[in-house]
> 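What follows is a single structure, and I will ask about it in a moment.
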Amino acid sequence: MRSFFNFKNKEKDFFNINLDLDCIPRHIAIIMDGNGRWAKEKRLPRTLGHKAGVETIREIVKECGNLKVKYLTLYAFSTENWKRPKEEVTALMKLLIEYLKSEIEELHMQNVVVRYIGDISRLPSICQKELEKACYKTQNNNGLVLNLALNYGGRDELTHAVKEIARDIKNNNLTVECINETIISNYLYTKDMPDPDIIIRTAGEQRLSNFLLWQCAYSEFWYTDIKWPDFKKYHLRKAIYDYQNRDRRFGGLKQE
Ligand code: FPP
């Protein structure tokens, strides 16, 4: 099934995007970068950049739901983000709480399932509480899975997995011989999710920054100079369009 979108806006490059609705990526993961630079450009405090970034989250979650994307993982707070000034960390935590509180009914109505990856035990207890509340409330929905990466780092996730595997071997619940890629995947925070089909990064940088290191083995990468607060649903559609026009071979050969 094909769907034609007409964009009557300044992003003229993106009009008439022809998406194949039968080939929508199952899992989209996004590194939401550029909030600070967006704010700086406008001579605003960095926290207002993050606030504007939350508006983009609202739009992109809705659009992913409309397009029947199954999983959307957002890199909201990395294990390295603790190095930022205390005020910025506090502001980010506050935004997370506000988002969960104000958006939960709407997300529930949109049939979204809220989940998270990362070690949330280091987040303020109110964040943990709101997060668990949102996950619990939406657990039986069957629409888009909104997966928030919070205090998440790929290396931290792998370290955690190795420790759990070692513990299970020590307790005779696992043997060294049976370890394979599937077993390792099952020890990751993402254990019951498919690997991301596409990883989007905004604001021009072209690196992974410790995001989904194991899971991205065959993900397509898509970068844009657009800063996260300026990223709109037509940019998402453009990313999906480009994804649909790539040749994914997973190490094999192109099908003739
Ligand atoms: C990167 O921009 C963005 C982040 C580190 C945080 C992303 C968080 C939000 C959009 C809001 C809070 C999250 C939720 C789920 C409500 P940057 O600050 O690194 O930008 P810069 O590179 O331009 O400085």
Side-chain angles (χ1 to χ4, degrees), residues 19 23-35 50 53-54 56-81 92 96 99 107 112-120 131 135 143-158 160-161 181 184-229 231-233 235-246 248 250:
L19 285 184
C23 189
I24 294 294
R26 203 148 67 108
H27 186 173
I28 298 179
I30 308 185
I31 302 174
M32 309 180 285
D33 199 9
N35 295 345
H50 295 310
V54 177
T56 302
I57 293 179
R58 288 198 177 96
E59 176 165 336
I60 296 307
V61 167
K62 203 162 174 198
E63 189 62 3
C64 282
N66 292 339
L67 289 170
K68 305 275 183 283
V69 171
K70 190 59 205 161
Y71 296 88
L72 171 66
T73 298
L74 299 178
Y75 205 6
F77 194 87
S78 77
T79 44
E80 287 71 39
N81 286 153
L92 282 166
L96 173 67
Y99 173 75
L107 289 170
V112 168
V113 183
V114 178
R115 290 180 55 180
Y116 63 84
I117 53 171
D119 175 11
I120 65 158
L131 204 52
C135 295
L144 172 75
V145 175
L146 171 60
N147 185 34
L148 299 173
L150 290 162
N151 190 24
Y152 174 86
R155 288 182 172 187
D156 178 69
E157 179 180 42
L158 287 164
H160 176 263
E181 291 185 11
I184 293 174
S185 295
N186 286 339
Y187 278 85
L188 300 178
Y189 296 130
T190 50
K191 60 178 174 291
D192 42 10
M193 291 178 207
D195 288 342
D197 298 295
I198 174 170
I199 297 187
I200 294 173
R201 182 167 188 151
T202 57
E205 312 297 347
Q206 301 191 2
R207 54 177 172 260
L208 261 180
S209 300
N210 206 8
F211 191 41
L212 301 174
L213 297 182
W214 172 273
Q215 300 86 341
C216 74
Y218 284 102
S219 306
E220 296 293 325
F221 288 89
W222 192 86
Y223 302 102
T224 175
D225 286 338
I226 304 285
K227 296 175 188 71
W228 179 246
F231 190 83
K232 303 291 171 204
K233 59 187 177 187
H235 298 115
L236 177 77
R237 292 173 181 170
K238 175 72 168 70
I240 296 175
Y241 175 82
D242 289 347
Y243 163 84
Q244 292 182 339
N245 287 285
R246 292 200 190 167
R248 297 185 86 196
F250 300 95

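No hydrogens, no waters, no symmetry mates; every other heavy atom, side chains included, goes into these values.
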> From T73 OG1 over to I200 CD1, what is the distance, rounded to the nearest 0.5 angstrom?
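That separation rounds to 11.5 Å.
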> So do L212 and P196 actually touch side chain to side chain, heavy atoms under 4.5 Å?
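Yes, side chains in contact.
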> Taking the side chain as C-beta and beyond, is there a heavy-atom pair between Q244 and I24 under 4.5 Å?
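Side-chain contact under 4.5 Å: yes.
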> Please report the interatomic distance CZ(R207) to OH(Y223), rounded to the nearest 0.5 Å.
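Reported value, rounded in 0.5 Å steps: 10.0 Å.
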> Do K70 and P194 come within less than 4.5 Å of each other through their side chains, counting heavy atoms only?
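No, too far: nothing below the 4.5 Å cut-off.
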> Between K238 and D242, does any side-chain N to carboxylate O distance fall below 4.0 Å?
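D242 and K238: salt-bridged.
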> Could you walk me through whether N147 and M193 pass the side chain to side chain contact (heavy atoms under 4.5 Å, CB included) check?
CA-CA 10 Å; N147 185 34; M193 291 178 207; 3.3 Å; yes
> Only one of W228, F211, Y116 forms a ring pair (Phe, Tyr, Trp, His ring centres under 6.0 Å) with Y75, so which one is it?
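Running ring pair (Phe, Tyr, Trp, His ring centres under 6.0 Å) over W228, F211, Y116 with Y75 returns exactly one hit, F211.
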> Are side-chain heavy atoms of E59 and K232 found at a separation under 4.5 Å?
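In contact.
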> I need the E181 CD to N186 CG distance, nearest 0.5 Å.
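Going from CD on E181 over to CG on N186, the span is 12.0 Å.
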> Determine whether I28 and L236 make a side-chain contact, defined as any pair of heavy atoms from C-beta on separated by less than 4.5 Å.
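Yes - at least one pair of side-chain heavy atoms lies under 4.5 Å apart.
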> Could you give me the CA-CA distance, side-chain angles and deciding distance for L188 and Q215, then say whether side chain to side chain contact (heavy atoms under 4.5 Å, CB included) is met?
CA-CA 9 Å; L188 300 178; Q215 300 86 341; 3.8 Å; yes
> Taking atom CG of L92 and atom CG of N81, what is their separation to the nearest 0.5 Å?
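Atom-to-atom, L92:CG and N81:CG are 7.0 Å apart.
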> Nearest 0.5 Å, please: how far is CZ in R58 from CG in L107?
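Nearest 0.5 Å value for the CG-CZ distance: 9.0 Å.
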> Side-chain contact, heavy-atom cut-off 4.5 Å: V112 with L72?
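Side chain of V112 against side chain of L72, heavy atoms only: no contact under 4.5 Å found.
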> Report the C-alpha separation of V145 and R115 in whole Å, then their side-chain angles, then the decisive distance to 0.1 Å, and conclude whether the side chain to side chain contact (heavy atoms under 4.5 Å, CB included) test is met.
CA-CA 7 Å; V145 175; R115 290 180 55 180; 3.7 Å; yes
> For D197, which residues count as a salt bridge (Lys or Arg N to Asp or Glu O under 4.0 Å) partner, sequence neighbours excluded?
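R248.
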> About how many Å separate OG of S185 and CG of D195, when rounded to the nearest 0.5 Å?
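That separation rounds to 6.5 Å.
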> Is there a donor-acceptor contact under 3.5 Å from the side chain of N210 to the main chain of G154?
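Yes.
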> Answer yes or no: are there more than 12 heavy-atom neighbours, outside R26 itself, under 6.0 Å from its atom CZ?
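Atom CZ in R26 is not packed in, count stays at 12 or less.
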> Heavy-atom count around K62 NZ within 6.0 Å, excluding the residue itself: above 12?
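For K62, atom NZ is not crowded (no more than 12 foreign heavy atoms under 6.0 Å).
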> If you look at every heavy atom in E205 and D33, which pair is closest and at what distance?
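Reported closest heavy-atom pair: CG-OD2, 3.5 Å.
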> Taking all non-hydrogen atoms of both residues, which atom of A203 and which atom of G34 are closest, and how far apart?
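Scanning both residues completely, I find the closest heavy atoms to be CB-CA, 3.5 Å.
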> Does any non-hydrogen side-chain atom of L148 lie less than 4.5 Å from one of L96?
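When only atoms from C-beta onward are counted, L148 and L96 do touch, with a gap below 4.5 Å.
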> Are L208 and I199 close enough, and set up right, to give a side chain to side chain contact (heavy atoms under 4.5 Å, CB included), and what steps lead you there?
CA-CA 9 Å; L208 261 180; I199 297 187; 4.1 Å; yes
> Just jot down the ring-ring contact (aromatic ring centres under 6.0 Å, His included) partners of Y218, sequence neighbours excluded, or say none.
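Partners of Y218 by the ring-ring contact (aromatic ring centres under 6.0 Å, His included) criterion, ordered by chain and then number, come out as F250.
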> Closest heavy-atom contact between I240 and P25?
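So the minimum-distance heavy-atom pair works out to CG2-CD, 3.6 Å.
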> On a heavy-atom basis, which atom in A76 and which in L150 lie closest, and how many Å separate them?
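Shortest heavy-atom contact: CB-CD2, 3.8 Å.
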> At their closest point, which heavy atom of A239 faces which heavy atom of I198, and how far apart are they?
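For A239 and I198, the tightest heavy-atom pair comes out as O-CD1, 3.8 Å.
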> What I'd like to find out is whether the side chain of M32 reaches to under 4.5 Å of the side chain of I57, using heavy atoms alone.
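Yes, close enough: below the 4.5 Å cut-off.
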> Per the side-chain hydrogen bond (donor to acceptor under 3.5 Å, both in side chains) rule, which among Y152, Y187, Y189, W214 passes with E157?
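With E157 as partner, Y152, Y187, Y189, W214 yield a single side-chain hydrogen bond (donor to acceptor under 3.5 Å, both in side chains), made by Y152.
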> Look only at the side chain of N151 and the backbone of D119, and say whether a donor-acceptor pair between them is shorter than 3.5 Å.
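Answer holds: yes.
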> Name all pairs fulfilling the salt bridge (charged side-chain N to carboxylate O under 4.0 Å, His left out) condition that reach into residues 143-156, sequence neighbours left out, sorted by first residue then second.
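Passing the test, one end in residues 143-156: no pairs.
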